[in-house]
Amino acid sequence: MTLKSILIHPDPRLKKACDPVSAFDTELARLADDMLETMYDAPGIGLAAPQIGVMNRLIVMDCVKEEGGTPDPMVLVNPAVVWESEDRNVYEEGCLSIPGQYAEVERPTMVRVTWQDVDGAVKEQEFDALWATCVQHEIDHLNGTLFIDYLKPMRRQMITRKMQKYKREMARE
Ligand SMILES: [Zn+2]
């Protein structure tokens with residue numbers, strides 16, 4: 001397994017819609033493993049392929065946060081929300097591509113999602129609470145949407161300026 005470097009906003013690759021995955025081969029399985037390892041290492045609870053510069057519809061997540069909890073790694077290929085609840089809740093979201101920045105985002109409390117596993121088998125499941133927020137946040141990445149896109153323009157611009165400064169500082173090191 002290989003740790004991948006995570007793109008930091010602003011980056012044009014984080015603003016693009018990704019292509020569906022069509023080849024369910026060993027390369028895809030390896031990519032999913034690398035993404036999980038990169039996510040756990042960060043650490044984070046979700047990661048989308050475009051965040052490592054791979055422009056395909058693939059996300060990984062594991063929202064088990066309790067210390068000593070059994071890990072529940074999930075790999076979702078070509079995921080799509082097929083139903084969402086009218087109930088909405090608010091979570092303070094962050095993103096591995098926008099380190100150190102957090103903001104409250106309102107989303108449907110529950111969603112039903114279909115996807116394919118790394119072998120191409122079709123799956124369907126309902127997600128709620130943190131898992132629902134996470135899966136929606138990650139699917140957004142596949143459409144070039146970031147959580148800061150839900151914020152007021154002023155706040156979004158402030159975060160973007162902070163990230164530009166952060167990237168300049170990182171480049172200097
Ligand atoms: Zn994110």
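For ligands, and for the atoms within them, numbers begin at 1 and follow the listed sequence.
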Could you give the distance from CD (E104) to CG (N89), rounded to the nearest 0.5 Å?
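The distance works out to 10.5 Å.
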Of the non-hydrogen atoms in [X] and [Y], which two are nearest, and what is the gap between them?
X: R156; Y: I148; result: CD-O, 3.2 Å
X: A49; Y: M35; result: N-CE, 3.4 Å
X: H9; Y: K167; result: O-CD, 3.6 Å

Backbone of G144 reached by a side-chain donor or acceptor of K15 within 3.5 Å:
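Here the side-chain-to-backbone pair exists.
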Sorted by chain and residue number, which protein N/O/S atoms are under 2.8 Å from the Zn ion (ligand 1)?
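N, O, S partners closer than 2.8 Å: C95 SG, H137 NE2, H141 NE2.
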Would you sort out whether L28 and L58 count as a side chain to side chain contact (heavy atoms under 4.5 Å, CB included), showing the intermediate values?
CA-CA 9 Å; L28 179 68; L58 168 66; 4.0 Å; yes
